[in-house]
Amino acid sequence: MSSEPPVPETSVLAVASHVVSGNVGNKIAVFVLQSLGCDVAALNTVQFSNHTGYRQWKGTRVTAEEITDLWDGLKQSYLDRFDMMLSGYVPGAAAVEAVGNIAKGLKEKSQAKPGSFFWVLDPVMGDNGQLYVADDVVPAYRGLVHHADLILPNQFEAELLSEVKITDFASLRTAVETLHSRYNLPHIVITSVSLPLNTQQDTPGNPPRSRTMSVVGSTRTSNGKSRLFSISFPVFDAYFSGTGDMFAALMVVRMREAVHNAASSSLKDKASWLSDDDVDALELPLAKAAEKVLASMHEVLSRTCEAMQKELDAALAEGSAKEAGGLSEDEKAKKIHLLKSRAAELRLARNWDCLRGPVIEYRAVKLE
C-alpha cells in the first residue's frame with residue numbers, strides 16, 4: 001500500500017453534525033478525509049453528546065445565523081479557499097439555505113477557473129419512507145440541489161427530490177433522469193437501492209448474506225441523458241449509524257482521485273468534472289470512485305462486525321456481575337440497547353488501512 005495520499009493537495013470544507021462520542025457526521029468525515037490526505041475545515045451543524053440512535057442524547061443544534069457567522073469569520077481571515085465542499089446533516093430549512101449560500105458563494109468564486117471547486121451534497125432528510133427532518137426541509141433542498149455537482153441521496157431521498165416512487169428498474173431510471181433534467185445535476189449516486197437489479201456478482205470468500213443492496217450512479221451527458229451503473233453489495237445483519245457519512249466522505253476523495261487519474265487529462269479543468277459523451281458508464285470517474293468507496297465500506301463494516309459481538313458480550317458480562325439483578329426489565333432492555341449501540345460504532349481509528357488501500361470485490365455493472 002502506497003504511503004502517498006491518493007489525491008493532490010486538497011482542501012475540503014465539511015459541513016455536518018458532530019458528536020462528542022462515537023462516529024457519525026463530521027467525526028467520520030474529518031477522520032476519513034485527513035486519513036486520505038485532505039486538509040479539512042469542519043463546520044459542525046449540531047453538537048451532541050452521542051448520535052440519536054442511542055435514543056437519548058444531550059446537546060444543541062446550530063442556527064442558520066450561527067452557520068453564517070462562522071462562515072463570515074472564515075472569510076474575514078481569508079480562510080475561505082476550498083477545492084471541495086461536503087455537506088451532510090443540516091438542522092432545519094433556514095440552516096439548509098445558509099449552507100447553500102456558502103456553497104453558492106464558493107461556486108461563484110470558482111467560475112473563472114472551471115473544475116477548481118466541486119460540491120458533494122448529501123441531502124439528509126430521512127430513510128425507509130420516513131422523514132427525520134421538518135417538512136419544510138424538503139422544499140429547501142429542492143430549491144438548492146441544482147447548485148451541487150454530485151448528490152448522494154438514499155432511495156427515499158431520491159424519491160423526495162424527483163417525486164418519483166422507485167418500485168422497479170423503470171421507475172429507478174425515471175427518477176435518475178428526472179434528477180438530471182429537473183435540476184441539471186451532473187452526477188448522482190443513490191446510495192441504497194433495495195431493488196433486484198440482477199447485477200449481483202458473487203465473489204469467492206464473501207461472507208454469507210441474507211440480502212443485497214445496490215448503489216446506483218449516473219453522470220449525465222451533454223444533452224442531459226443518464227449513464228447508469230450499479231454496484232451490488234452484501235448487507236450485514238446488523239444496524240450501523242454513520243455509514244452514509246462514511247460513504248460521502250470517501251466519495252469526496254475517490255471522485256477527485258478518479259478525475260485526476262482519468263484518461264482525459266483535461267477533465268479536472270472542466271466544470272463539474274463532466275466526462276465527454278463517448279465515455280462509457282463503467283469508465284466514468286464516478287463509477288471507479290464508487291467501487292473504491294464500497295470496498296472501504298465493506299472492509300470497515302466487516303471488521304466492525306467482528307469486534308462488536310465481543311465488546312457486547314464483555315460489557316453484558318461485566319454489567320451482570322455488578323448489578324446482580326438490581327435492574328427492572330425495562331432498565332435492562334434500555335441498557336442492552338445502549339450497549340449494542342456502543343458496540344456498533346464504526347471501527348475507524350484502528351482500520352485506516354481499509355480507507356487507504358481497500359481490495360475491490362464489487363464491480364460496477366452497466367444498466368441498460
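Sequence positions, counted from 1, serve as the residue numbers for this chain. In this text the structure is predicted, and so the values were computed from the model without any measurement.
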Inset, instruction - Give the C-alpha distance, both sets of side-chain angles, the deciding distance and a yes or no for ring-ring contact (aromatic ring centres under 6.0 Å, His included) between Tyr362 and His298. - result: CA-CA 9 Å; Tyr362 308 103; His298 181 74; 5.2 Å; yes
Inset, instruction - Output, in order, the C-alpha distance, side-chain angles, deciding distance and verdict of side chain to side chain donor-acceptor pair (under 3.5 Å) for Thr52 and Trp57. - result: CA-CA 7 Å; Thr52 58; Trp57 66 92; over 6 Å; no
Legend entry - Verdict with supporting geometry, Asp330 and Ser328, side chain to side chain donor-acceptor pair (under 3.5 Å): CA-CA 5 Å; Asp330 286 346; Ser328 69; 5.4 Å; no
Legend entry - Step-by-step ring-ring contact (aromatic ring centres under 6.0 Å, His included) determination, His51 to Phe48: CA-CA 7 Å; His51 69 70; Phe48 285 171; over 10 Å; no
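Side chain of Asp127 to backbone of Glu157: no donor-acceptor contact under 3.5 angstrom is found. Thr212 places no side-chain N or O within 3.5 Å of a backbone atom of Pro234 that could act as its donor or acceptor partner.
Using a 4.5 Å heavy-atom cutoff, the side chains of Asp80 and Trp71 are in contact. Contact check for Met85 versus Leu106: side-chain heavy atoms found under the 4.5 Å cut-off. Counting heavy atoms from C-beta on, the side chains of Asp83 and Val12 never come closer than 4.5 Å. Leu160 places a side-chain heavy atom less than 4.5 Å from the side chain of Leu131. Within the 4.5 Å cutoff, side-chain heavy atoms of Glu299 are placed close to those of Val359. Residues Leu346 and Phe240 form a side-chain contact, since some pair of their non-hydrogen atoms from C-beta on lies under 4.5 Å apart. Taking 4.5 Å as the limit, every side-chain heavy atom of Tyr89 sits out of range of all side-chain heavy atoms of Asp122.
Between Glu177 and Arg173 there is a salt bridge, since a side-chain N of the basic residue sits under 4.0 Å from a carboxylate O of the acidic one. Salt bridge Glu257/Lys292: present, at least one basic N to carboxylate O contact under 4.0 Å.
Using cut-offs of 30° and 60° on the angle between ring planes, the pair Phe118 and His187 is tilted.
Note that CD of Glu291 is 8.0 Å distant from CG of Leu282, once rounded to the nearest 0.5 Å. Arg55 contributes atom CZ, which lies 4.0 Å from atom NE2 of His337 (distance to the nearest 0.5 angstrom).
In terms of heavy atoms, Arg227 sits closest to Asp276 at NH1-O, 2.8 Å.
Environment of NZ in Lys340: sparse, with no more than 12 heavy atoms of neighbouring residues, nucleotides or ligands closer than 6.0 Å.
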